[in-house]
**Q** 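First the structure, which I've put down as structure tokens, then a few questions once you've had a look.
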Amino acid sequence: MTSPQTLQSTYRLNSGHEIPILGYGISYKLTKGKTKSSPSKTEIPVLEALSTGYRHVDSAIMYRNEKACGHAIAKSGLDRSQIFFTTKIPPESMGYERTKRAVESSLREAGVEYFDLILIHAPYGGKEDRLGSWKALVEAQKAGKTKSIGVSNYGIHHLDELEEYIQQGGGGRIDVGQYEIHPWCAREDIVEWLQKRNIVVEAYSPLAHGTRMGEAVLRELGKKYNKSPAQIMIRWCLQRGLVPLPKSATPSRIRENAEVFDFKLDEEDVKRLFTGEYEPTDWDPTLDFD
């Protein structure tokens with residue numbers, strides 16, 4: 001009999017390491033374009049998430065939140081090995097040499113000896129730079145600077161390109177693919193491609209940036225299960241085998257987003273939430289054909 005999932009449950013990655021099945025995403029709005037006082041605005045909710053029981057923190061170079069996340073992890077009282085910490089290589093650091101420098105810079109910025117996961121944030125820069133960045137991540141993994149590696153916002157054509165490179169001796173294995181995923185952007189084709197290869201799929205913006213909370217189907221299911229629309233959306237991701245990364249700076253919502261392991265959506269309700277719509281609320285680099 002399968003044990004019930006909890007906030008501390010994990011999936012095993014292709015690298016052999018474990019990833020918690022629910023993560024805490026750091027909103028870029030807390031740091032992007034702000035002043036030097038901004039790090040504390042990130043630090044506080046990260047500490048709240050860790051005290052709630054989250055053990056998975058998702059950051060990015062692009063959002064300038066690595067330092068604040070690193071500070072929160074150091075202040076949490078938890079051993080570094082207990083926290084799964086992610087960062088991402090931004091578009092301006094694509095290419096072998098630039099990615100190598102970005103990895104070193106991120107380690108210094110976050111004040112850590114290693115990341116648990118480094119992703120390529122988006123498939124920009126053309127084939128040569130994409131594959132060069134991957135080569136740099138493979139080397140970083142071998143050197144112990146990151147335990148696992150992966151990609152974000154890659155379309156199937158980008159994934160096919162990378163898979164061919166790996167199969168031809170490029171090295172490494174894709175551990176994680178991260179995408180905007182919610183009932184109005186299900187990405188069934190990409191999820192299927194990844195899951196067939198035992199690649200863990202992370203869902204950023206699983207709450208669609210709050211733009212769909214008033215949808216009738218969410219209100220109806222929320223009433224049926226006595227849960228909030230946000231909890232219904234997170235639960236839908238979990239039942240697809242995804243790793244959702246909900247974002248919030250509000251303590252009550254941080255806690256609420258973690259209270260999703262005491263109920264289960266009926267199979268018919270899971271199907272209802274496949275709306276058939278394709279409405280990303282964020283950028284969509286999967287469509288880039290460069």
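Side-chain atoms are counted along with the backbone in the values below, which use heavy atoms only and exclude waters and symmetry mates. It should be emphasised that the depicted structure is a prediction, and the values quoted were computed from it without experimental measurement. In what follows, residues are counted from 1 in the order of the sequence shown.
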**Q** Closest approach of Ile254 and Pro45, non-hydrogen atoms and distance?
**A** CD1-O, 3.8 Å
**Q** Might you work through the side chain to side chain contact (heavy atoms under 4.5 Å, CB included) test for Lys88 and Tyr63, ending with a clear yes or no?
**A** CA-CA 10 Å; Lys88 307 177 193 77; Tyr63 301 150; 5.5 Å; no
**Q** Rounded to the nearest 0.5 Å, how far does OG of Ser205 lie from CD of Glu180?
**A** 5.0 Å
**Q** When you measure from the side chain of Gln8 to the backbone N and O of Gly53, does any donor-acceptor pair fall under 3.5 Å?
**A** yes
**Q** Does the side chain of Leu242 come within less than 4.5 Å of Gln195's, by heavy atoms?
**A** yes
**Q** Under 6.0 Å from the six-membered ring centre of Trp134 and within 45° of its axis: does the NZ or CZ of Arg130 meet both?
**A** no
**Q** Judged by atom type as modelled, is there a donor-acceptor pair below 3.5 Å linking the side chain of Arg235 to the main-chain atoms of Val260?
**A** yes
**Q** Check Lys224 with Glu220, please: is the shortest side-chain N to carboxylate O separation under 4.0 Å?
**A** no
**Q** If you group Ile, Leu, Val, Met, Phe, Trp and Tyr whenever their side-chain heavy atoms sit less than 4.5 Å apart, what else falls in with Leu287?
**A** Tyr278
**Q** Specify the closest pair of heavy atoms between Asp175 and Leu13, including all atoms of both residues, with the distance to one decimal.
**A** O-CD2, 3.5 Å
**Q** Would the distance check show the side chain of Gln239 and the main-chain N or O of Leu265 forming a donor-acceptor pair, the cut-off being under 3.5 Å?
**A** yes
**Q** Is the ring pair Phe274/Trp236 parallel, tilted or perpendicular, if the boundaries are 30 and 60 degrees?
**A** perpendicular
**Q** Does the gap between the ring centers of His56 and Tyr24 come in under 6.0 Å?
**A** no
**Q** Answer yes or no for Lys135 and Tyr96: cation-pi contact, defined as NZ/CZ to six-membered ring centre under 6.0 Å and angle to ring axis within 45°.
**A** yes
**Q** Hey, is the main chain of Glu256 close enough, under 3.5 Å, to the side chain of Gln231 for a donor-acceptor pair?
**A** yes
**Q** So which heavy atom on Phe85 is nearest to which on Glu66, and how close?
**A** CZ-O, 4.0 Å
**Q** Within the distance-only criterion (no hydrogens, no angle test), does the side chain of Arg12 pair as donor or acceptor with the backbone N or O of Gly16 below 3.5 angstrom?
**A** yes
